[in-house]
Protein chains: 2
Amino acid sequence: MQVLLILGRILVYCKWYNAPMKRNAKKYRSNCPINFAQETFGDKWSLLIIRDLMFMGKKYYGEFLSSDEKISTNILADRLEKLEGDGLITKATDKENNSKKIYALTQKGIDLLPMFLEMIAWSAKYDNNTGTPAEFIKRLEGDKNSLIRELKESIAGSET
Amino acid sequence: MQVLLILGRILVYCKWYNAPMKRNAKKYRSNCPINFAQETFGDKWSLLIIRDLMFMGKKYYGEFLSSDEKISTNILADRLEKLEGDGLITKATDKENNSKKIYALTQKGIDLLPMFLEMIAWSAKYDNNTGTPAEFIKRLEGDKNSLIRELKESIAGSET
DNA sequence: CTGTATCCTTAGGGATACTG
DNA sequence: CAGTATCCCTAAGGATACAG
């Protein structure tokens with residue numbers, strides 16, 4: 001047990017937490033993967049924008065604006081820019097309407113899917129304000145990797 | 001492909017997103033699992049406190065204070081209280097020192113482990129400020145559930 | 001409809017002094 | 001050492017008007 005504990009911690013975390021900071025790298029509060037994630041999409045809105053792109057099939061400015069949480073327009077513009085700057089999303093011009101922009105997830109963004117699935121599973125378990133998504137939990141208890149593969153294909157297929 | 005897309009979305013998300021809000025439930029911005037997660041631990045510090053408990057073996061106030069990100073003492077107190085209120089951590093008095101408190105993850109907190117693993121994996125892939133944790137990635141590509149089981153035992157074993 | 005720009009408010013958070 | 005309590009301030013965010 002003790003061995004496993006130490007093994008687990010070294011394996012999972014400590015090893016690259018103490019890696020030396022590279023020169024000229026963007027400055028984060030620390031050199032920790034959890035902190036990196038927090039600073040990349042750990043604000044009040046980014047996660048929801050990614051959710052809209054990933055699961056809700058949204059791709060237009062107005063669609064994000066209309067989500068239940070009611071993001072305000074200036075904040076949305078700011079977050080879209082930041083997410084684009086961090087390489088999580090792309091912005092392209094709609095062929096049929098030049099003034100319309102299409103937002104889409106990059107591979108880096110799509111790769112957040114596994115984390116989202118675990119987050120959803122956790123919330124489904126503990127948020128007693130939602131029903132229990134039995135099939136989903138069941139599939140997640142099975143072969144996660146195959147579920148993720150399927151969904152990634154699905155998301156990638158919906159872009160363009 | 002199209003079928004898969006729709007299947008994926010219904011399966012993963014939409015189904016309980018539209019669940020009716022229960023009476024007297026704590027009010028969130030929306031009835032969405034991602035938003036629930038965001039409002040529970042999506043602030044600037046909670047994730048890091050949980051990280052310290054989960055992977056760093058920390059359990060005392062001063063230990064959290066000493067983390068690289070330099071949380072300030074009033075904020076730490078506030079977040080510990082919120083996390084306890086949300087049932088993610090417990091606070092107990094140290095037997096050997098009455099003025100010392102021991103913080104520990106609850107099951108609800110421990111259950112965030114899978115999400116943390118995916119978050120770490122993503123950051124390890126995209127944060128070019130850290131090295132590549134090859135063994136970890138490799139294990140995560142294999143049987144995730146067995147990895148999670150091992151680590152959960154390890155974390156649970158370290159409490160008390 | 002897709003954003004910008006502006007104005008204004010407040011919560012989050014930093015610094016630091018203080019208490020048991 | 002384990003927290004509380006204050007003071008202060010900035011950045012995040014809401015509301016709304018405006019522009020292409």
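All chains are named by letter (A, B, ...) in the order of the sequence lines, taking the proteins before the strands, and each is independently numbered beginning at 1.
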For this session: Could you provide the dot-bracket string of DNA chain D, using ( ) for intrastrand pairs, [ ] for crossing pairs and | for bases paired to another strand, with Watson-Crick or G-U pairs below 3.5 Å?
Result: ||||||||||||||||||||
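- Within the structure, every side-chain polar atom (N or O) of B/Lys70 is placed at least 4.0 Å from both OP1 and OP2 of C/dG13.
- Under the side-chain hydrogen bond (donor to acceptor under 3.5 Å, both in side chains) criterion, A/Thr93 pairs with A/Lys101, sequence neighbours left out.
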For this session: Step by step, work out the side-chain hydrogen bond (donor to acceptor under 3.5 Å, both in side chains) result for B/Thr40 and A/Tyr126.
Result: CA-CA 11 Å; B/Thr40 305; A/Tyr126 289 108; over 6 Å; no
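- With rounding to the nearest 0.5 Å, the separation of CD in B/Glu69 from OG in A/Ser30 is 3.5 Å.
- Both A/Ile71 and A/Ser99 sit near DNA chain D, but only A/Ile71 has its closest nucleotide nearer the 5' end.
- Residue B/Tyr61 places none of its side-chain N or O atoms closer than 4.0 Å to OP1 or OP2 of D/dT4.
- Rounded to a whole Å, the CG atom of A/Asp78 is 10 Å from the C1' atom of D/dG13.
- One interatomic measurement links the two molecules: NZ of A/Lys101 to C1' of C/dG3, which rounds to 10 Å at whole-angstrom precision.
- Rounding to whole angstrom units, CG of residue A/Leu76 and P of D/dG14 are separated by 12 Å.
- Atom NZ in A/Lys59 sits about 13 Å away from atom P in C/dT2, given to the nearest Å.
- No side-chain heavy atom of A/Gln38 sits under 4.5 Å from any side-chain heavy atom of B/Met119.
- Remark: C1' of D/dA2 and CG of B/Leu80 are 11 Å apart, rounded to the nearest angstrom.
- Distances from the side chain of A/Arg79 to the nucleotides D/dA17, D/dA2, D/dG13 place D/dG13 closest.
- Salt-bridge check for A/Asp111 with A/Lys152: passed, with a basic side-chain N closer than 4.0 Å to an acidic carboxylate O.
- Note: CD1 (A/Ile75) to C1' (C/dT4) measures 13 Å, nearest angstrom.
- Residue A/Glu81 qualifies as open at atom CD: its count of foreign heavy atoms under 6.0 Å is 12 or below.
- Listed by residue number, the members of residues 40-50 of chain A with any heavy atom below 4.0 angstrom from DNA chain D are A/Lys44, A/Trp45.
- Within a 6.0 Å radius of NZ in B/Lys95, no more than 12 heavy atoms belonging to other residues, nucleotides or ligands are found.
- Residues B/Leu88 and B/Ile102 do not share a hydrophobic cluster, clusters being chains of Ile/Leu/Val/Met/Phe/Trp/Tyr side chains in contact below 4.5 Å.
- Rounded to whole Å, atom P of C/dC1 lies 17 Å from atom CD of A/Glu96.
- Per the geometry, CD1 belonging to A/Ile102 stands 13 Å off C1' belonging to C/dT2, to the nearest Å.
- If you check distances only, the side chain of A/Ser72 never reaches the base of D/dT16 with a donor-acceptor pair under 3.5 Å.
- Ionic pairing of A/Lys82 and A/Asp86 is present here: one or more N-O contacts between side-chain nitrogen and carboxylate oxygen are shorter than 4.0 angstrom.
- A/Asn74 comes within 4.0 angstrom of a nucleotide base, judged by non-hydrogen atoms across all strands.
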